[in-house]
Amino acid sequence: MKKIAKDQLALLWEKIDQNYQLFLPIAKEKAVNFSTWKEGAEVDLDALRTVNSPKNIIFPQTETYLTFKKEGKKLGLEVVSRDEEYVVFGVRPCDVASFKLLDNVFLGEPVDKFYEENRQKGLIISQACLNPEETCFCNAFAINPESAPVGADVATWDLGDLLLWEAQSEKGKAFTEALSDLLEDVSEDDRKKLDEVKAGIKDKLEDLPLVHVAPEKIEGGLKEIFASEVWDELYQRCLGCGMCTYVCPTCHCYDLKDYNGNGCGERFRCWDSCMFSDFTMMAHGNPRTTQKERVRQRFMHKLVYYPNNYESYACVGCGRCTERCPVRLDIVKVIKKLGGERNEL
Amino acid sequence: MEKIKEEIRQIAREALTGKKVDIILAWEKGPLWYDSYPAFFTKEEEVDSLTWDSFCINNLSKYLLEETMADKKVGVFVKGCDALAFNQMMQDNRIRRDNVVVYGLPCPGMIDPDKVRAKRLNRGLTEVKQSGDELIFVTKDGEITVPAHEVYYDKCLYCHYPNPVVYDQLIGEKVAAETALDRSERFSQVEALEALSAEERFAYWDSQFSKCMRCFACRNVCPACSCERCTFDDDDLDILGKAREDSEDQFFHLIRAYHVVGRCIDCGECSRVCPQDIPLEKLNRKLIKDINALYGEYQAGLDPSTKAPLVTYQLEDADSFTAGEKGGKGT
Ligand code: SF4
Ligand code: SF4
Ligand code: SF4
Ligand code: SF4
């Protein structure tokens with residue numbers, strides 16, 4: 001295990017930036033999002049969760065993958081791909097876990113080549129959560145915010161003045177090696193301090209208000225839950241915006257569109273939302289004609305369909321929808337309504 | 001507010017049992033301290049979970065669009081700003097007045113959870129109680145008292161109409177209407193932007209809009225955005241794509257702002273719900289300020305019988321096409 005003094009981090013960013021595109025949680029006009037680091041950027045490693053999740057890096061909201069241009073009678077086509085290798089620093093354990101959920105979808109047969117390339121070119125550095133917030137319920141999905149999450153190439157912990165650094169994958173080890181002039185070995189004391197910090201996080205978790213959320217307690221099969229009366233009531237307040245799906249690290253529905261320029265154009269993929277009235281629009285219209293069906297779709301997908309396909313829920317308990325939904329129709333309320341709550345820890 | 005809550009519940013129960021209404025629009029409490037949200041009550045026994053506290057920020061008038069159009073009889077509880085929204089929707093012919101019973105709630109102000117978090121009062125917080133002009137934050141480790149105006153939404157500090165301007169029945173006593181902050185200060189941030197050069201101003205908005213995710217929460221929560229089918233949703237028209245492109249983001253915001261000119265009641269809901277903290281109220285207030293300057297002071301939603309400045313024409317109206325007149329590029 002390695003460490004770096006936090007006042008040295010700017011040097012670390014500079015060094016990483018020489019060879020990679022570096023994404024960090026950066027505050028801009030009051031909102032913290034993962035964006036490309038530039039000198040002078042307002043890095044905020046204390047912000048627990050970014051507004052937009054780092055999904056936006058591995059599966060960007062808009063991604064052009066084909067450009068076309070008319071040249072005389074011919075049509076020139078060019079496939080666009082990600083040019084630079086990149087590093088994402090400061091990914092929280094819930095968001096790291098979300099990457100695996102996206103992998104299940106995009107890396108299963110048939111493999112999505114664009115996504116695969118995005119994943120291969122990236123290196124993920126996680127950061128443990130010292131202060132889980134009241135909206136966090138990652139523990140419901142067996143995610144441990146104090147831990148080194150599976151799927152992170154490097155895991156880090158903030159110990160106040162120090163950042164502890166543990167390389168996990170081969171890629172992470174080589175990367176750590178290349179930064180060796182900035183990283184030192186940890187002492188026995190540092191390790192002790194880390195254990196204390198981890199224990200402290202665990203204590204805080206038990207005090208969180210949403211600690212009783214337990215999706216596995218939901219009873220009934222697909223058809224039963226689909227036909228449940230709870231949807232009649234739950235959907236009513238939904239405004240049909242797409243915020244919950246856009247901020248969600250695990251929502252992955254997209255649309256394919258052409259931008260039609262003058263004799264040229266681009267084909268791009270962009271996020272779509274099951275909450276929108278034009279989602280999966282077909283010649284005969286939207287198969288889900290009311291907001292009730294759209295709301296049901298979002299939560300059935302997360303709590304029933306996805307688990308049926310991949311044996312895990314499509315939610316990591318990050319709390320973004322819990323915090324942001326303008327009418328507080330978040331997944332916690334849905335899980336509870338469906339009976340997913342335990343009385344004791 | 002506790003006492004009023006009981007009164008509200010009683011009114012709701014009676015309205016439902018007496019078949020005065022088919023549905024009651026009010027609020028319910030979720031598991032977190034700030035978690036009050038819109039709820040629809042159709043049975044008397046459901047009313048026990050109805051709540052009224054300092055977190056009932058959601059404007060329920062917006063739901064009338066669908067509910068009254070479905071020919072239901074609706075009872076709706078409105079705060080001051082919600083009443084302005086109600087009137088505005090009336091003026092836009094979006095509500096069937098005969099189908100609605102409006103219960104007015106004089107409003108003490110609503111708490112902005114972000115301000116609570118900024119003060120770190122949220123750690124271990126279980127409940128917030130109101131006592132006069134003070135708020136009591138109940139935590140595991142004891143109680144902390146804070147002057148209410150320190151954590152109220154900015155819009156509440158400027159609020160001139162905490163007492164609903166429209167109702168069939170008013171619940172409780174009216175509250176004092178003087179504002180905590182000078183109301184004209186609403187425009188000071190607009191003036192700061194006006195003082196910038198065009199390039200600086202463009203850079204400011206460019207930076208703000210570059211955060212927009214185009215989730216449309218600002219549009220969908222807005223009481224002035226009441227078109228049955230938004231032009232942005234019309235796939236055939238294809239006037240706004242789904243790509244995150246600076247030009248498209250900016251285009252969306254210009255159209256949104258201009259579409260609510262003269263109808264925006266300045267309730268601030270768009271800014272509240274924006275996940276990216278884009279200060280949409282500055283855009284709206286710039287337009288309100290210009291309308292005030294061009295056509296005289298106007299508050300949308302105050303009186304549905306008056307005509308909105310942009311839907312009427314008078315000979316003495318500002319004329320930006322004539323040299324030396326106020327309006328358009330001339331100002
Ligand atoms: S659940 Fe909330 S965030 Fe999602 S579409 Fe409905 S109102 Fe918007
Ligand atoms: S459903 Fe909500 S809590 Fe779950 S991963 Fe998505 S945004 Fe996070
Ligand atoms: S703006 Fe006025 S009426 Fe609306 S919530 Fe604030 S104080 Fe209440
Ligand atoms: S709510 Fe904010 S992020 Fe969403 S569309 Fe409106 S301005 Fe953009």
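Note on naming: letters A, B, ... go to the chains in the order of the sequence lines (proteins, then strands), and numbering restarts at 1 for each one.
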- So, the side chain of Asp277(B) versus the backbone of Ala31(A): is there a donor-acceptor pair under 3.5 Å, distance only? no

- Among Arg320(A), Gln236(A), Lys30(A), Glu323(A), single out the residue with the greatest number of heavy-atom pairs under 4.5 Å to chain B. Gln236(A)

- Query: Considering all heavy atoms of both residues, which atom of Tyr63(B) and which atom of Leu239(A) are nearest to each other, and what is their separation?
  - Reply: OH-CD2, 4.0 Å

- Could you check which of Glu269(B), Arg117(B), Arg219(B) has the highest count of heavy-atom pairs closer than 4.5 Å to chain A? Arg117(B)

- Residue part contacting chain A, namely of Asp234(B), when any heavy atom lies under 4.5 Å: neither

- Task: Pick whichever of Lys28(A), Glu63(A), Glu134(A), Arg269(A) has the most heavy-atom pairs under 4.5 Å with chain B.
- Result: Glu134(A)

- Item | CD (Glu78(A)) with more than 12 external heavy atoms under 6.0 Å | no

- Is it true that the NZ or CZ of Arg237(A) lies under 6.0 Å from the centre of Phe40(B)'s six-membered ring and within 45 degrees of the ring axis? no

- Message: Need one label for Tyr259(A): side chain, backbone, both or neither, based on atoms under 4.5 Å from any heavy atom in chain B.
- Response: neither

- Is it the side chain or the backbone of Cys270(A) that comes within 4.5 Å of chain B heavy atoms, both, or neither? side chain

- Message: Between Lys211(B) and Glu29(A) (side chain of the first, backbone of the second, donor and acceptor by atom type, cut-off under 3.5 Å), is there such a pair?
- Response: yes

- Query: Looking at CG of Asp330(A) and CG of Leu32(B), how far apart are the two atoms once the value is rounded to the nearest 0.5 Å?
  - Reply: 7.5 Å

- Item | Minimum heavy-atom distance Pro275(B)-Arg324(A), with the two atoms named | O-NH1, 3.4 Å

- Task: Pick one of side chain, backbone, both or neither for Leu210(A), based on which atoms fall under 4.5 Å of a heavy atom in chain B.
- Result: side chain

- Got a sec: does the CD of Glu245(B) have more than 12 other heavy atoms crowding it under 6.0 Å? no

- Query: Heavy atoms, side chains only, cut-off 4.5 Å: are Arg328(A) and Tyr34(B) in contact?
  - Reply: yes

- Item | Heavy-atom contacts under 4.5 Å, residues 37-52 of chain A to chain B | Val51(A), Asn52(A)

- For the candidates Gly242(A), Cys325(A), Ser273(A), which exhibits the highest count of non-hydrogen atom pairs separated by less than 4.5 Å from chain B? Gly242(A)

- Apply side-chain hydrogen bond (donor to acceptor under 3.5 Å, both in side chains) to the pair Asn33(A) and Gln276(B), showing each step before the final yes or no. CA-CA 9 Å; Asn33(A) 289 288; Gln276(B) 295 284 10; 2.8 Å; yes

- Message: Please classify the contact between Asn58(B) and chain A as side chain, backbone, both or neither, with a heavy-atom cut-off of under 4.5 Å.
- Response: side chain

- Item | Interatomic distance, Tyr246(A) atom OH to Arg244(B) atom CZ [nearest 0.5 angstrom] | 10.0 Å

- Name the option with the most non-hydrogen atom pairs under 4.5 Å to chain A; the candidates are Cys274(B), Cys215(B), Ala217(B), Pro279(B). Cys215(B)

- Item | Validation row: Met213(B), Asn56(A) side chains within 4.5 angstrom (heavy atoms) | no

- Task: First locate atom CD of Glu66(B), then atom OG1 of Thr290(A), and finally report the distance between them rounded to the nearest 0.5 Å.
- Result: 9.0 Å

- Item | Ion pair Asp278(A)/Lys242(B), N-O distance below 4.0 Å | yes

- Item | Ser36(B) versus chain A, the contacting section by heavy-atom distance below 4.5 Å | backbone

- Check each atom of Arg229(B) against the heavy atoms of chain A and say whether the ones under 4.5 Å are side chain, backbone, both or neither. side chain

- Item | Nearest-0.5 Å distance, CZ of residue Arg123(B) to CG of residue Asn131(A) | 4.5 Å

